[in-house]
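Everything below concerns the one structure shown next.
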Amino acid sequence: MTTPQVVVHRDKELMAQAAAARLITKIVDAQAARGTASVVLTGGRNGNGLLAALAAAPARDAIDWSRLDLWWGDERYLPADDPERNHTQARQALLDAVPLDPARVHVMPASDGPYGPDADAAAAAYAAELARAATPEDHGPVPQFDVLMLGVGPDTHVASLFPEHPAARETERTVVGVHGAPKPPPTRISLTMPAIRAAREVWLLAAGEDKAGAVAIALGGAGEVQAPAAAAYGRSRTLWLLDRAAAAKLPAGMYPPALS
């Protein structure tokens, strides 16, 4: 378990721009070191805000997009191209504007795909795809993602792992179908904590005063099932990227006084 590092920015726009710049550097460094890079995307307003900032960043051209693997932390189990799907929103924010290799864009199955309404079968298929991508050096059933990003919900949920929900208790499977989620739509697919913790770096994104309580709870020592965001950490680094509003309930000594 890595100790969380907290970075606080003035507002959500600056947070998105700074996170995008940080992500570009991580991807370029990974590609220089190993030839490829792998990133797990998150949806929601902060995840999509980061992708939009990345699309607008001139430095995005430093990335070799053809050597980047993209995965998703969770997905709403809806028909393909539904505007509420994380993949659809990511395409609109960034993906359609950059020269990705389609074979390296690992989209979670849709409800009108080969598994129909069976989200559990769809989750198992995504777990199998992750396992195929893992190498002996990964020492597990999923790749060691270079960066895995998570939005933090007002209830402390990350991906589609909700407080006290069975999916938040999963310790064996890497991907699960989520049923009866407290936030619509009720049926989803999500990485589990074992998959999340395989990442080299986990970045948790939160902006806005509605996230301040969740941030304080998760960073204040809450239980991992009661506050899933508290359970998310990377192998080498765990980074909380916040704006001032989301950090408002944190103790002042938890982050440097100089805010960027």
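The salt bridge (charged side-chain N to carboxylate O under 4.0 Å, His left out) analysis of residues 143-167, with sequence neighbours excluded, yields the pairs R34-D146, D146-R200, E164-R169. Residue pairs that meet the salt bridge (charged side-chain N to carboxylate O under 4.0 Å, His left out) test with at least one member in residues 211-227, sequence neighbours left out, are R197-E224.
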- Message: If you apply the rule side-chain contact (heavy atoms from CB on, under 4.5 Å), what do you find for H157 with H165, and how did you get there?
- Response: CA-CA 10 Å; H157 85 266; H165 198 276; over 6 Å; no
- Task: Please lay out, stage by stage, how T2 and R235 fare under the test side-chain contact (heavy atoms from CB on, under 4.5 Å).
- Result: CA-CA 7 Å; T2 50; R235 292 188 179 193; 5.9 Å; no
- Apply side-chain contact (heavy atoms from CB on, under 4.5 Å) to the pair L68 and Q31, showing each step before the final yes or no. CA-CA 8 Å; L68 176 64; Q31 290 179 334; 4.2 Å; yes
- Message: Walk me through whether V147 and R22 qualify under side-chain contact (heavy atoms from CB on, under 4.5 Å).
- Response: CA-CA 10 Å; V147 177; R22 190 184 293 269; over 6 Å; no
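One finds the CG atom of D210 at 4.0 Å from the CZ atom of R45 (value rounded to the nearest 0.5 Å). How far CG of D74 is from OG1 of T192: 12.0 Å, rounded to the nearest 0.5 Å. For the atom pair CZ of R85 and OG of S111, the computed distance is 7.5 Å after rounding to the nearest 0.5 Å. Here the CG atom belonging to L54 is positioned 6.5 Å from the CD1 atom belonging to I27, to the nearest 0.5 angstrom. The CZ atom of R244 lies 7.0 Å from the CZ atom of R10; values are rounded to the nearest 0.5 Å. Separating the CG atom in L241 from the CD atom in Q5 is a distance of 10.0 Å, to the nearest 0.5 Å.
Scanning all heavy atoms of the two residues, the minimum distance from G208 to A245 falls at C-CB, 3.7 Å. In terms of heavy atoms, P83 sits closest to T88 at CA-CG2, 4.0 Å. Shortest non-hydrogen contact noted between A16 and G49 is CB-O, 3.7 Å. In this structure, G153 and A214 approach most closely via the heavy-atom pair O-CB, 3.2 Å. Scanning both residues, A168 and P228, for their nearest heavy atoms gives CB-CG, 4.3 Å. Across all non-hydrogen atoms, the minimal contact from I189 to P109 is CD1-O, 3.9 Å.
As a member of the Ile/Leu/Val/Met/Phe/Trp/Tyr network built from side-chain separations under 4.5 Å, V178 groups with V176. Membership of an apolar cluster is not assigned to L78, as no side-chain contact below 4.5 Å to another ILVMFWY residue is traced.
Applying the salt bridge (Lys or Arg N to Asp or Glu O under 4.0 Å) criterion to D61, with sequence neighbours excluded, gives no partner residue.
Residue E13 places its CD atom among more than 12 non-hydrogen atoms of other residues, nucleotides or ligands, all under 6.0 Å distant.
V225 and L161 fall into different hydrophobic clusters, where Ile, Leu, Val, Met, Phe, Trp and Tyr are joined by side-chain heavy atoms under 4.5 Å apart, directly or via other members. The hydrophobic clustering, which links ILVMFWY residues whose side-chain heavy atoms are closer than 4.5 Å, places V158 and L250 together. Taking hydrophobic clusters as Ile, Leu, Val, Met, Phe, Trp and Tyr residues chained together by side-chain heavy-atom distances below 4.5 Å, I217 does not share a cluster with L219. F162 and L191 sit in two unconnected hydrophobic clusters of ILVMFWY residues. Membership requires side-chain heavy atoms under 4.5 Å apart, directly or through other members.
Residues L23 and W203 have side chains in contact (heavy-atom distance under 4.5 Å, counting atoms from C-beta outward). With contacts defined as side-chain heavy-atom distances shorter than 4.5 Å, the pair L14/Q17 qualifies. In this structure the side chain of N48 never reaches within 4.5 angstrom of the side chain of Q92, judged on heavy atoms. Using a 4.5 Å cut-off on side-chain heavy atoms (C-beta onward), V142 and D138 make no contact. Inter-residue side-chain proximity for R104 and L70 is flagged as unmet; no heavy-atom pair is nearer than 4.5 Å. When side chains are defined from C-beta on, D82 does not count as touching R76, because their heavy atoms never get closer than 4.5 Å. Put simply, the side chain of N86 does not reach to within 4.5 Å of the side chain of M108, judged on heavy atoms. You'll find the side chain of L204 reaches within 4.5 Å of the side chain of W240, heavy atoms only.
Panel note: side chain R67, backbone I63; no donor-acceptor pair is recorded below 3.5 Å. Using a distance-only test at 3.5 Å, with no hydrogens or angles considered, no donor-acceptor pair links the side chain of T238 to the main chain of Y233. Side-chain atoms of T156 never come within 3.5 Å of backbone atoms of A218 as a donor-acceptor pair (strictly under, hydrogens ignored). Looking only at distances, no side-chain donor or acceptor of E137 sits under 3.5 Å from a matching main-chain atom of Q144.
No salt bridge links K12 with D243; every basic N to acidic carboxylate O contact stays at or beyond 4.0 Å.
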Let me have the donor-acceptor pairs involving side chains of residues 117-134, under 3.5 Å, with sequence neighbours excluded, atom names and distances please.
| unit_1 | atom_1 | unit_2 | atom_2 | d |
| --- | --- | --- | --- | --- |
| D118 | OD1 | D120 | N | 3.2 |
| D118 | OD1 | A121 | N | 3.0 |
| D120 | OD1 | H179 | NE2 | 3.0 |
| D120 | OD2 | H179 | NE2 | 3.3 |
| Y126 | OH | W72 | N | 3.2 |
| Y126 | OH | H106 | O | 2.6 |
| E129 | OE2 | H106 | ND1 | 2.7 |

